[in-house]
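All figures in this text were calculated on a predicted structure; none of them were measured in a lab.
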Amino acid sequence: GGLFAIGFLTRPAALTLLATMLSAVYFHLSSVGLQGFPLGHVPNYSYDFEEPLLYALIFLMFWFNGAGPLSVDSIIYQQISTEEED
């Protein structure tokens with residue numbers, strides 16, 4: 001999580017966090033099932049697997065897109081690309 005927050009090794013960190021969230025979705029679904037998804041009435045108005053699934057989709061987006069321009073990965077890439085030009 002710390003590497004992901006500062007943007008260092010973003011894609012590997014996002015991949016490991018994606019795997020963690022997918023396993024959380026799996027364990028929620030295996031313990032309580034779908035809870036009547038999509039039209040079921042759940043006690044707290046939120047499915048148990050909803051939050052980890054949302055985080056998994058966010059980490060999947062970061063795995064495909066990588067870090068932004070204000071990240072450690074971007075700074076390292078800029079240093080490497082300028083050294084290759086010289």
Side-chain angles (χ1 to χ4, degrees):
L3 294 177
F4 187 78
I6 64 171
F8 182 62
L9 298 175
T10 304
R11 287 191 168 141
L15 184 62
T16 57
L17 290 168
L18 171 67
T20 303
M21 289 298 112
L22 288 178
S23 65
V25 169
Y26 170 75
F27 285 118
H28 279 296
L29 290 176
S30 66
S31 67
V32 294
L34 286 175
Q35 298 173 306
F37 179 78
L39 301 174
H41 176 70
V42 289
N44 58 358
Y45 300 103
S46 176
Y47 297 105
D48 287 341
F49 63 90
E50 190 174 28
E51 188 176 358
L53 183 62
L54 176 66
Y55 286 130
L57 291 174
I58 292 169
F59 294 138
L60 181 66
M61 181 199 66
F62 275 104
W63 184 50
F64 279 117
N65 292 335
L70 299 176
S71 65
V72 176
D73 283 346
S74 177
I75 294 168
I76 293 172
Y77 179 73
Q78 289 173 357
Q79 292 295 325
I80 292 173
S81 63
T82 57
E83 287 176 4
E84 290 177 359
E85 292 174 1
D86 295 337

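Scanning all heavy atoms of the two residues, the minimum distance from Leu18 to Ala56 falls at CD1-O, 3.1 Å.
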Sequence neighbours left out, cut at 3.5 Å: what donor-acceptor pairs do the side chains of residues 57-69 make with other protein atoms?
none

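By the 4.5 Å heavy-atom criterion applied to side chains, Phe8 and Ile76 are counted as neighbours.
Listed by first and then second residue, the side chain to side chain donor-acceptor pair (under 3.5 Å) pairs that reach into residues 8-23 are Thr10-Asp73, sequence neighbours excluded.
Tyr26 belongs to a hydrophobic cluster whose other members, connected by ILVMFWY side-chain contacts under 4.5 Å either directly or through intermediates, are Phe27.
No path of Ile, Leu, Val, Met, Phe, Trp and Tyr side chains, each step under 4.5 Å between heavy atoms, connects Tyr77 with Val72, placing them in separate hydrophobic clusters.
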